[in-house]
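The structure appears below as structure tokens.
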Amino acid sequence: MRLPARRFPIPWNSVTLVLLALVAIAPAILMWHWVSTNWVPVPYWDEWYTPGSQFESWYRGTLTWTEMFSQHNETRNFFPRLIYFTLQYFGGWDVRKEMRVVFFLVCGFCLLLLHLLRRTPGATPLSTLVGWIAMTFICFAPVQIENFLYGIEIETLFPGTAVVAAAAINLSRLSFRTKTLLNLLLAFVANYTFANGMLVWVLAWPLPSPNETTSPRRRIAWSTLYALAGAISIGSYFIG
């Protein structure tokens, strides 16, 4: 006797979520196509000064820490210069490497946004993906192509990414000490990446978890350390 074939119902909810996820990542794929088919290994505009001038000093043997911390316009971009030197170590100075970093930095920013959307009270998988689609379409909008083709945009994009990362850290179950140290590191790097990174010290202020086990006295001590580090970092920024 032949048994009737089993019918497996299509999980429409799962299919919908997969399709929405594909729609959300489509702008990133399209942007990468535009970038990788239009980029050229030629420095542009401010790149001739940062990192161009520092590379020139390096090959002359005259590069100093003072120059590494020196201002470019209103910014002391010490940490981006470290990135540029690291990238040029592998095959020389090619600004397309920096463009890759810009692209992956924006991808990381979008993933952090997705994480925060999932943590939003009352969020559902459907609402999370719909909101994420709106955000990825903005981050990878065609009007942004010029920014993705400019490697020095690493500097302008990092402070915002640091704020979102700090928000994710504050919402985590990490101890208050760990949150303080991680947010301190993010704020310090942002401070010496782009001028508006100084605001990250305020926006990334460490917050205790609802079930925080750290005593109030120790939280005050860690908060004081964070505030003192911020004051020294911002104050040192204006020396000279």
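Note that the coordinates shown come from a computational prediction; the quantities given were computed from them, not determined experimentally. Computed from heavy atoms alone, side chains included, the values below leave out hydrogens, waters and symmetry copies.
Crowding of Arg177 atom CZ: a count of heavy atoms from other residues, nucleotides or ligands under 6.0 Å not exceeding 12. A 6.0 Å sphere centred on CZ of Arg118 holds no more than 12 heavy atoms belonging to other residues, nucleotides or ligands. For Glu146, the CD atom counts as loosely surrounded, since its 6.0 Å shell holds 12 or fewer non-hydrogen atoms of other residues, nucleotides or ligands.
Note: Tyr192 and Phe79 fail the aromatic proximity criterion, with ring centroids not under 6.0 Å apart. Taking the six-membered ring where the residue is Trp, the centroids of Tyr150 and Tyr44 are separated by under 6.0 Å. Ring to ring, Trp39 and Trp32 are close: their centroids are under 6.0 angstrom apart.
Here the straight-line distance linking atom CG of Leu207 with atom CG of Leu171 works out to 8.5 Å at 0.5 Å rounding. One finds the CZ atom of Arg81 at 14.0 Å from the OG1 atom of Thr86 (value rounded to the nearest 0.5 Å). Rounding to the nearest 0.5 angstrom, the gap separating the CG atom in Leu17 from the CG atom in Leu129 is 5.5 Å. The distance from the OH atom of Tyr89 to the NZ atom of Lys97 is 11.5 Å, given to the nearest 0.5 Å.
Of the possible donor and acceptor atoms, one in the side chain of Ser209 sits under 3.5 Å from a partner among the backbone N and O of Ser172.
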Report task. Give the C-alpha distance, both sets of side-chain angles, the deciding distance and a yes or no for ring pair (Phe, Tyr, Trp, His ring centres under 6.0 Å) between Phe140 and Phe148. Result -> CA-CA 9 Å; Phe140 294 100; Phe148 280 92; 5.6 Å; yes

(request) Determine, step by step, whether Leu111 and Trp132 satisfy the side-chain contact (heavy atoms from CB on, under 4.5 Å) criterion, reporting the C-alpha distance in whole Å, the side-chain angles of both residues, the deciding distance to 0.1 Å, and the verdict. (result) CA-CA 9 Å; Leu111 290 175; Trp132 195 45; 4.3 Å; yes

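Residues Ser53 and Glu56 have side chains that never bring a donor and an acceptor to within less than 3.5 angstrom of each other.
Taking the ring centre of Tyr237 as origin, the terminal cationic atom of Arg76 falls inside the region bounded by 6.0 Å and 45° from the ring axis.
Residues that satisfy the side chain to side chain donor-acceptor pair (under 3.5 Å) test with Glu47, not counting sequence neighbours, are absent from this structure.
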